[in-house]
Amino acid sequence: VDPGDSLRFGAAIAALNSTTGWVAVGDNQLPGNGIRRGAVTLLNLECAACVEVTIGDNQLPLADYTLFGSAVATVPDLGGVTLAVGAPGCELLVCGLDASPA
């Protein structure tokens, strides 16, 4: 993992699966394509060859100062685990996320 110029990599950490080593690591000030949009990186601490995935403004419509990744938490569900990510600078209409019920 290369946090680049960000000093906030690791601002929030949550274990996705304690038996396999997968964790979610928040970086709430990663610039991405703007200013302090943030990101969450999924990585495996047990497997150097495993692919890491970063979720940020290339996958989501994040605005400047969204601070996506300020908090990360796992919520167990019937299909496995759901990852909840905090973005205190995000208002649903500004970020373009659809909050309507499915």
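Computation of the quantities below employed the complete heavy-atom set of this structure, encompassing side-chain atoms and omitting hydrogens, waters and symmetry-equivalent molecules. Along the sequence shown, residues are numbered consecutively beginning with 1.
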What's the verdict on side-chain contact (heavy atoms from CB on, under 4.5 Å) for T41 and F9, showing C-alpha distance, side-chain angles and the deciding distance?
CA-CA 9 Å; T41 299; F9 184 80; 4.0 Å; yes
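- Shortest non-hydrogen contact noted between A14 and T74 is CB-CG2, 4.3 Å.
- Results of the side chain to side chain contact (heavy atoms under 4.5 Å, CB included) test with L43 over T54, V53, V25 single out V25 as the only residue that passes.
- With hydrogens and angles ignored, the 3.5 Å screen pairs a side-chain donor or acceptor of D57 with a backbone N or O of N33.
- Distance check: Y65 OH to Q29 CD gives 10.0 Å after rounding to the nearest 0.5 Å.
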Output, in order, the C-alpha distance, side-chain angles, deciding distance and verdict of side-chain contact (heavy atoms from CB on, under 4.5 Å) for V81 and L83.
CA-CA 7 Å; V81 174; L83 179 64; 5.8 Å; no
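- A chain of hydrophobic side-chain contacts below 4.5 Å, direct or via other Ile, Leu, Val, Met, Phe, Trp or Tyr residues, connects L60 to V72.
- Between G56 and L62, the closest heavy-atom pair is C-CD1, 3.8 Å.
- Of all non-hydrogen atoms in L30 and D27, the two that sit nearest each other are N-OD1, 3.3 Å.
- N44 and C47 make their closest contact through OD1-N, 3.1 Å (heavy atoms, listed as atom of the first residue, atom of the second, distance).
- With a 4.5 Å cut-off on side-chain heavy atoms, I55 and L42 count as touching.
- Looking at heavy atoms from C-beta onward, W22 lies in side-chain contact with C50 at the 4.5 angstrom threshold.
- Checking side-chain atoms of N28 against main-chain N and O of R36 turns up no donor-acceptor pair under 3.5 Å.
- Between S70 and A12, the shortest heavy-atom contact is O-CB, 3.6 Å.
- The side-chain heavy atoms of T66 and D64, taken from C-beta on, include no pair separated by under 4.5 Å.
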